[in-house]
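For reference, the structure discussed in these notes is given below.
In what follows, chains carry the letters A, B, and so on, assigned in the order in which the sequence lines appear, proteins first and then strands, with residues in each chain numbered from 1.
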Amino acid sequence: MTVLYLKRAIQDILQNRFLNFVTIITISLSILIVSSAILFFINAGQIIALWQKGIRIMAYLKPEMAATALPGLTQDIQALDGVDSVRFISRDEALAELKAQMKRQSFLFENLAENPLPDGFEIRMDPSAQTWKNIEAVAARVEAFEPIAEVEYGQRWLGRFSRIFDLFRLAGYAMGGLFFIATVFIVANTIRLIIYSRREELEITRLVGATDRFIKIPFYIEGLIQGALGAICGLAILFFLFVLLSSNVEEGFFSDLFQIRFLSPGVMLPIVLGSALVGWLGCHLSLKQFLKV
Amino acid sequence: MHGSEKDAIIRMFHVYRYYSARKALCDITLEISKNEFVFISGPSGAGKTTLLKLLYLGERVSEGQVLVDGINLARIPRKRIPFLRRKFGIIFQDYKLIPSKSVFENVALVLEAAGMKSSLIQKKVRGVLRLVNLEDKSNSLPPTLSGGEQQRAAVARAVVGDPQIILADEPTGSLDAASAGVILELLKGIHIRGATVIVATHDEALINQIGGRVLLLKEGRLESAAFVEKQYDSSLS
Ligand SMILES: Nc1ncnc2c1ncn2[C@@H]1O[C@H](COP(=O)(O)OP(=O)(O)OP(=O)(O)O)[C@@H](O)[C@H]1O
Ligand SMILES: [Mg+2]
């Protein structure tokens, strides 16, 4: 029985080649737009995560701070939510590090009468708690401790960027939703046209004793096939463009830092299934209308 | 169990069917027994096709009651309509073959819709196409067939499912005497195997050739019911 339905659905697609072709192309364009957005968000998200991993909070001490308060303060910071490790860096160590980093310009430091750097803590966040909210909260708490003069966490701009990025992502979801609805209607319309062009045949099929189910199932299969094929075409086009573009970008400045990757099967499968669902829904809409008559 | 004259398979009580103001059928009351061979006769426009449509719910009555095999058609739920239709094998006056499907597929559709296994479908369809002499046209599309060939394809589709009731609307309208004879033999054969056969026709020669009860319709009214004996000389009409 299933084979029969499948056969009828495929026959139907072949009989209405042009309509089905146009529908599949339209679906694949929607999928192309939506999945290129997904591709962008996934890669951009990974770049941001990579940057965030390197983030540490520096807390500088007031110069007059007594050395005896040090262990207590270390413990207090360590006890904060989301803090992974706290390391005390004395001003001498800091100077040594700076000198090491700036070997070539070490003459700059040679005539220093006094070390201008403050003592400080290097605070690293627990990777699982490393969101911008947590980083900011920890920074604020540390800044509130009495002996702390100043807190710095490099790439503050990254936080702002990631917030903008979240906004983009929201817009992306909205766009995806709109495309979803639009595509449902496109499929609904094609199926409606197909039903209309075959109303006589469907009427005859009913007169010889076919149930609604018998008539409807091939259309549902058709919708599913249209959706899935559309998604596969869209993803294929995206992959083609991806290969074309990334072969040029690869040589650029990103290449050693970060490898841009195509969508994983774990992402593509839901896209194809989602698109098949769109086909099914579109079909459902027009069949509901058809069967009322 | 067939052939009991008392055992009605179709009953109509005071049935009316209007098309806007026009009465296509007017106060029809009748009974048709199981395994009867009945003619519905009358001039063009008398309401023969309309009467048949009311039986398989191609149309609904405007007033009155129709019972088929004990089922009151006014009360039948939508979901059961396909099962009502499977009791009938219908030869439509305009054939109603699906133009985009081959003769074979058209005939097979009835059995597919009834959920029969495809190996069995193959066998049955081939058999019935042999019966109506259309084996060599089995892969042709209906629009490429002659009128008579289309009519025989329609007959094949009507009988392939071994229905309880055959409704034949002018089943020999497009046929020469020889082909018509083949169709009549077919209808008689299926009647002998227990089916009820209802033939709508204004062809009196056909009626005389077989014989049976004749319900005469005129302008939507049941004018008379008579029993016509089988006659061997069809020129008597
Ligand atoms: N769908 C319809 N809409 C309006 N009028 C209709 C419709 N169907 C049938 N009629 C009218 O009902 C009357 C009976 O039609 P019907 O088709 O039953 O006649 P018939 O006896 O089968 O004629 P014929 O021998 O020519 O086939 C006719 O006057 C016809 O015009
Ligand atoms: Mg008629």
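- Only the side chain of A:Q15 comes within contact range of chain B, with heavy atoms under 4.5 Å apart.
- The 12-atom threshold is not exceeded at CZ of A:F21, counting heavy atoms of other residues, nucleotides or ligands nearer than 6.0 Å.
- Note on B:R78 versus A:D212: salt bridge recorded, some NZ/NE/NH1/NH2 to OD/OE distance being below 4.0 Å.
- At least one donor-acceptor pair under 3.5 Å links the side chain of B:R86 to the backbone N or O of A:G209.
- In terms of heavy-atom pairs under 4.5 Å with chain A, the best-connected choice from B:R157, B:K79, B:K117 is B:R157.
- Under a cut-off of 6.0 angstrom, the local environment of CZ in A:F242 is crowded, with over 12 non-hydrogen atoms contributed by other residues, nucleotides or ligands.
- Using a 4.5 Å cut-off on side-chain heavy atoms (C-beta onward), A:R8 and B:E105 make no contact.
- Contact check for A:I204 versus B:N106: no side-chain heavy atoms found under the 4.5 Å cut-off.
- Atom OG1 of A:T205 sits about 10.0 Å away from atom CD of B:E112, to the nearest 0.5 Å.
- In the displayed structure, A:K7 atom NZ is contacted under 6.0 Å by at most 12 heavy atoms of other residues, nucleotides or ligands.
- Contacts of B:L97 with chain A are made by backbone atoms alone, with heavy-atom separations under 4.5 Å and no side-chain atom involved.
- Side-chain atoms of B:F88 and A:V208, non-hydrogen and from C-beta on, never get closer than 4.5 Å to each other.
- Pairing each heavy atom of A:E201 with each of B:K101, the nearest pair is OE2-CE, 3.5 Å.
- Counting heavy atoms from C-beta outward, A:F214 and B:L109 have side chains that approach closer than 4.5 Å.
- At most 12 heavy atoms of other shown residues, nucleotides or ligands fall within 6.0 angstrom of atom CZ in A:F168.
- With a 4.5 Å cut-off on side-chain heavy atoms, A:E200 and B:K96 do not count as touching.
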